[in-house]
Amino acid sequence: SGSTVLPLPPGWSYAVGLGLSNAGQVTGYVDNGNPALTRAFIGTTSGSEVVPLPPGWSAEEGNAINDLGQISGFGYSGASNEQAFIGTASSSAAIPLPPGATFGYVSPQSINNSGVVVGYSNAGGWIWDPTNGVRLLSALVPSGWNITNAISISNNGLILAQAALNGGTTQYVELAPATPVATPAPPTWMLGMIGLAVLPVVRRFARRNV
């Protein structure tokens with residue numbers, strides 16, 4: 001029935017939207033012509049505001065937003081290595097890198113309404129929540145499975161991921177909690193493999209060069 005332009009945050013000249021919540025909030029990134037200084041934003045049709053950077057960071061992008069106004073994204077702390085973060089319109093914090101990883105990344109739909117975030121790293125797919133911190137998903141699923149990437153998470157804890165069994169072909173998989181998910185997720189939360197896709201996956205992660 002029509003379209004409405006989202007206002008730019010004051011002082012910014014360019015914006016890209018990447019995530020939309022059921023509450024009608026949009027997240028993405030803004031810049032002024034310098035990709036090295038992008039900032040995440042949260043906006044609606046009535047106005048937009050820039051998300052604060054985690055301490056020591058130089059740039060960030062918002063990729064996903066939940067119905068509570070929390071966003072997940074990634075950014076840069078000095079060097080070009082990427083690291084994930086969780087934030088709101090008033091603050092943001094870096095999500096620690098998973099064990100053995102040198103960068104962390106998140107996709108659209110990577111945060112649910114419980115504030116649980118999933119993502120990708122060069123050590124494999126990971127999950128983060130305020131109670132348990134960051135954990136590699138390969139340590140939480142049946143033996144033999146290697147979770148290479150966690151793409152998205154639903155409000156009831158289902159995770160869309162990519163995985164391989166015993167070094168075989170990479171597949172899309174769906175992970176489900178072995179126990180009901182609380183808010184936040186309890187320390188005993190584990191994941192079980194419940195479904196597989198048959199098509200091999202070749203996924204390329206497009207990350208902005210800074």
Side-chain angles (χ1 to χ4, degrees), residues 1-31 38-54 57 59-75 82-95 104-120 125-134 137 149-162 172 174-177 180-185 189 191 203 205-208:
S1 60
S3 303
T4 302
V5 174
L6 271 65
L8 286 163
W12 296 87
S13 61
Y14 178 83
V16 172
L18 296 173
L20 174 67
S21 74
N22 290 322
Q25 291 182 301
V26 174
T27 191
Y29 64 88
V30 293
D31 69 39
T38 58
R39 296 286 296 276
F41 78 93
I42 296 176
T44 66
T45 55
S46 60
S48 302
E49 51 190 326
V50 171
V51 175
L53 288 165
W57 284 34
E60 65 182 2
E61 298 180 8
N63 281 30
I65 185 166
N66 66 18
D67 295 343
L68 304 179
Q70 295 174 302
I71 70 169
S72 60
F74 71 95
E82 299 163 349
Q83 188 168 349
F85 75 94
I86 183 169
T88 66
S90 60
S91 65
S92 61
I95 293 176
Y105 183 76
V106 296
S107 303
Q109 301 181 351
S110 57
I111 187 171
N112 67 11
N113 285 343
S114 297
V116 180
V117 180
V118 296
Y120 163 80
W126 52 266
I127 185 168
W128 175 91
D129 68 76
T131 301
N132 302 294
V134 64
L137 286 167
N149 173 28
I151 301 168
S152 63
I153 183 168
S154 69
N155 288 330
N156 61 354
L158 296 176
I159 297 172
L160 174 64
Q162 292 173 285
Y172 284 115
E174 186 179 75
L175 309 178
V181 178
T183 307
W189 193 43
L191 301 178
R203 180 174 174 83
F205 293 92
R207 299 189 293 270
R208 293 170 60 84

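All heavy atoms count here, side chains included; hydrogens, waters and symmetry mates do not.
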A.B. asks: Please walk me through it: do Tyr172 and Leu160 pass side-chain contact (heavy atoms from CB on, under 4.5 Å)?
C.D. replies: CA-CA 7 Å; Tyr172 284 115; Leu160 174 64; 4.2 Å; yes

A.B. asks: List the steps, then state whether side-chain contact (heavy atoms from CB on, under 4.5 Å) holds for Gln70 with Ile111.
C.D. replies: CA-CA 8 Å; Gln70 295 174 302; Ile111 187 171; 3.9 Å; yes

A.B. asks: Give me the atom names and distance for the closest heavy-atom approach of Pro7 to Ser46.
C.D. replies: CG-C, 4.2 Å

A.B. asks: Ala40 and Gly62: which non-hydrogen atoms are nearest, and at how many Å?
C.D. replies: CB-N, 3.5 Å

A.B. asks: If I take atom CD1 from residue Ile86 and atom CG from residue Asp129, how far apart are they, to the nearest 0.5 angstrom?
C.D. replies: 10.0 Å

A.B. asks: Does Gln109, at its CD atom, have more than 12 non-hydrogen atoms belonging to other residues, nucleotides or ligands within less than 6.0 Å?
C.D. replies: no

A.B. asks: Can any side-chain N or O of Thr27 pair as donor or acceptor with the backbone N or O of Phe41 at less than 3.5 Å?
C.D. replies: yes

A.B. asks: For Val116, is there any backbone N or O sitting under 3.5 Å from a side-chain donor or acceptor partner on Ser114?
C.D. replies: no

A.B. asks: Locate the shortest heavy-atom distance separating Phe74 from Val106; write the atom from each residue and the value.
C.D. replies: N-CG2, 4.3 Å

A.B. asks: Donor-acceptor check, side chain of Gln83 to backbone of Ile95, threshold 3.5 angstrom: yes or no?
C.D. replies: yes

A.B. asks: Are Tyr105 and Tyr120 close enough that their ring centers fall under 6.0 Å?
C.D. replies: no

A.B. asks: Is there a side-chain contact (heavy atoms from CB on, under 4.5 Å) between Ile159 and Ile127? Walk through the geometry before answering.
C.D. replies: CA-CA 10 Å; Ile159 297 172; Ile127 185 168; 3.9 Å; yes

A.B. asks: Just do the side-chain hydrogen bond (donor to acceptor under 3.5 Å, both in side chains) check on Asn155 and Asn112 with the steps written out, would you?
C.D. replies: CA-CA 5 Å; Asn155 288 330; Asn112 67 11; 5.0 Å; no

A.B. asks: Is a donor on one side and an acceptor on the other found under 3.5 Å between the side chain of Asp67 and the backbone of Asn22?
C.D. replies: yes

A.B. asks: Within the distance-only criterion (no hydrogens, no angle test), does the side chain of Arg39 pair as donor or acceptor with the backbone N or O of Val51 below 3.5 angstrom?
C.D. replies: yes

A.B. asks: May I have the step-by-step check of side-chain hydrogen bond (donor to acceptor under 3.5 Å, both in side chains) for Ser110 and Ser152, ending in yes or no?
C.D. replies: CA-CA 4 Å; Ser110 57; Ser152 63; over 6 Å; no

A.B. asks: So, taking the atom named CG in Leu68 and the one named OG in Ser21, what distance separates them when rounded to the nearest 0.5 Å?
C.D. replies: 9.0 Å

A.B. asks: Taking all non-hydrogen atoms of both residues, which atom of Ile42 and which atom of Thr88 are closest, and how far apart?
C.D. replies: CD1-C, 3.9 Å

A.B. asks: Just to verify, what does Phe85 make a ring-ring contact (aromatic ring centres under 6.0 Å, His included) with, not counting sequence neighbours?
C.D. replies: Trp57

A.B. asks: With distance as the sole test, does Thr38 use its side chain to make a donor-acceptor pair with the main-chain N or O of Glu60 at under 3.5 Å?
C.D. replies: yes

A.B. asks: Rounded to the nearest 0.5 Å, how far does CG of Leu137 lie from CH2 of Trp126?
C.D. replies: 9.5 Å

A.B. asks: Has the side chain of Ser92 got a donor or acceptor atom that lies under 3.5 Å from a matching backbone atom of Pro52?
C.D. replies: yes

A.B. asks: Take Leu175 and Leu158 through the side-chain contact (heavy atoms from CB on, under 4.5 Å) test and state the conclusion after the steps.
C.D. replies: CA-CA 6 Å; Leu175 309 178; Leu158 296 176; over 6 Å; no

A.B. asks: Counting only N and O atoms by type, is there a donor-acceptor contact under 3.5 Å from the side chain of Asn113 to the main-chain atoms of Asn66?
C.D. replies: no

A.B. asks: Which heavy atom of Trp12 sits nearest to which heavy atom of Leu8, and what is that distance?
C.D. replies: O-CD1, 3.3 Å

A.B. asks: Taking the side chain as every heavy atom from C-beta outward, state whether Leu6 and Thr44 have any pair of such atoms under 4.5 Å apart.
C.D. replies: no

A.B. asks: Where is the tightest heavy-atom contact between Ser107 and Ala64, given as atom of each residue plus distance?
C.D. replies: O-CB, 4.1 Å

A.B. asks: OG of Ser48 to CD of Gln25: how many Å apart, nearest 0.5 Å?
C.D. replies: 10.0 Å

